[in-house]
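Heads up: the structure comes next, in structure tokens.
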Amino acid sequence: MNAEALKCEKLDKIKRVVISEEEIKAKVKETGALISKEYEGKPLLLVSILKGAFVFMADLCREITIPCEIGFMCAESYFNGTASSGKVNITLDLKQDISKYHVIIVEDIVDSGRTLSEVVKMLKERNPLSLKVYSLLDKPDRRAVDFSADCVLFTIPDLFVIGYGLDCGEYYRNLPYIAEYDCG
């Protein structure tokens, strides 16, 4: 099968748009304003969990009107599949000394909670001034560990979703909306 046919076949697996581009933009703008107010005059570090959160992080930091720094971590648990492997692997760590910052972890989705639970535990040991998790999506029906984000923009049912940074086998991160995807 050539690349174009494969691309079309994969597009046929998008079932429906779950959260529109407009809904995402409105919530991100609102969240940026809240962060700007809460952290005004404070040293702020936004930490994006790669790869999925990079789109959310880019849009969110543009809506924050106060000075902030950014950092990146890569924590994997899916390894090109559609279900969590259950093992969290940190493949890229922060360079900053976070003890001088109020840290906001910017995440794409809280699913099983394993990845964020491990990342939060690791970062708390580094004594940040404060630490919060802001997640674009929350899928509480899939929670395998006791974990809740401090701020969630959207709560969704147990669907496999793609778009706005979320992928299936590295495809669809570039979609401007969140869509349900047929993995079968």
Side-chain angles (χ1 to χ4, degrees), residues 7-8 10-40 44-66 68 70-78 81-84 102-117 119-120 131-144 147-184:
K7 180 178 160 186
C8 291
K10 287 183 177 271
L11 286 174
D12 289 343
K13 292 187 174 201
I14 295 176
K15 290 182 174 182
R16 64 185 172 102
V17 173
V18 177
I19 304 168
S20 72
E21 180 178 7
E22 295 75 23
E23 290 172 299
I24 294 169
K25 283 181 180 179
K27 276 289 202 181
V28 170
K29 184 175 187 68
E30 176 186 318
T31 303
L34 291 171
I35 290 171
S36 298
K37 184 176 178 181
E38 182 177 346
Y39 292 94
E40 187 172 0
L44 179 62
L45 174 64
L46 304 176
V47 176
S48 176
I49 306 298
L50 296 174
K51 297 181 190 175
F54 82 100
V55 175
F56 178 36
M57 168 78 124
D59 288 348
L60 182 62
C61 75
R62 285 191 294 252
E63 294 296 340
I64 295 173
T65 58
I66 60 171
C68 63
I70 62 169
F72 297 93
M73 293 183 77
C74 190
E76 298 176 340
S77 65
Y78 281 81
T82 59
S84 177
H102 294 273
V103 175
I104 294 176
I105 297 172
V106 179
E107 179 63 305
D108 57 349
I109 187 167
V110 180
D111 192 325
S112 71
R114 287 184 186 106
T115 301
L116 275 176
S117 180
V119 170
V120 165
L131 178 66
K132 289 190 176 180
V133 174
Y134 281 60
S135 184
L136 175 68
L137 302 174
D138 185 25
K139 198 187 306 184
D141 293 343
R142 300 270 303 162
R143 201 73 81 244
F147 184 86
S148 296
D150 297 285
C151 177
V152 172
L153 278 65
F154 302 96
T155 300
I156 62 169
D158 187 11
L159 307 170
F160 189 84
V161 291
I162 55 168
Y164 200 72
L166 294 119
D167 74 303
C168 180
E170 295 300 327
Y171 286 98
Y172 306 113
R173 292 187 194 277
N174 59 316
L175 296 175
Y177 50 81
I178 305 292
E180 181 180 3
Y181 188 75
D182 178 10
C183 298

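For the pair L44/I66, a side-chain contact is recorded, criterion being any heavy-atom separation below 4.5 Å from C-beta on. By the 4.5 Å heavy-atom criterion applied to side chains, V106 and V47 are not counted as neighbours. Considering only heavy atoms from C-beta on, I109 stays 4.5 Å or farther from D138 through its side chain. In this structure the side chain of L60 reaches within 4.5 angstrom of the side chain of I35, judged on heavy atoms. Contact check for L116 versus F147: side-chain heavy atoms found under the 4.5 Å cut-off. Residues R173 and V55 have side chains not in contact (no heavy-atom distance under 4.5 Å, counting atoms from C-beta outward). In this structure the side chain of V161 reaches within 4.5 angstrom of the side chain of L137, judged on heavy atoms.
Under the side chain to side chain donor-acceptor pair (under 3.5 Å) criterion, the residue pairs touching residues 150-166 are D59-Y164, with sequence neighbours excluded.
Between F154 and E23 the shortest heavy-atom distance is CZ-O, 3.5 Å. What you find for I19 and Y177 is that their closest heavy atoms are O-CB, 3.3 Å. Heavy atoms only, all atoms of each residue included: L136 and I178 are closest at CD2-CD1, 4.1 Å. In terms of heavy atoms, Y134 sits closest to Y39 at OH-CE1, 4.5 Å. Of all the heavy atoms in V119 and I49, the pair that sits closest is CG1-CD1, 4.0 Å. Between T31 and C151, the shortest heavy-atom distance links the atoms CG2-SG, 4.4 Å.
Every residue two or more places apart in sequence or in another chain was checked for a side chain to side chain donor-acceptor pair (under 3.5 Å) with E40, and none qualifies. Residues passing the salt bridge (Lys or Arg N to Asp or Glu O under 4.0 Å) test with E38 are K132, sequence neighbours excluded. By the side chain to side chain donor-acceptor pair (under 3.5 Å) test, T65 is found to be paired with S36, residues two or more places apart in sequence or in another chain being considered. Every salt bridge (Lys or Arg N to Asp or Glu O under 4.0 Å) that K29 has, sequence neighbours left out, goes to E63. In this view, L50 and S48, F54, F72, C74, L92 satisfy the side chain to side chain contact (heavy atoms under 4.5 Å, CB included) rule, not counting sequence neighbours.
With values rounded to the nearest 0.5 angstrom, D111 atom CG is found 10.0 Å from D141 atom CG. Interatomic distance, NZ of K15 versus CZ of F160, reported as 12.0 Å (0.5 Å rounding). One distance of note links CG of L45 with CD1 of I105; it measures 10.0 Å at 0.5 Å rounding. In this structure, CZ on R143 lies 11.5 Å from CZ on R114, to the nearest 0.5 angstrom. Between atom SG of residue C68 and atom CG of residue L46 there is a gap of 4.5 Å, rounded to the nearest 0.5 Å. With values rounded to the nearest 0.5 angstrom, I14 atom CD1 is found 5.0 Å from L175 atom CG.
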**Request:** Any chance you could lay out the salt bridge (charged side-chain N to carboxylate O under 4.0 Å, His left out) test for D108 and K51, step after step, and finish with the verdict?
**Result:** CA-CA 9 Å; D108 57 349; K51 297 181 190 175; over 6 Å; no
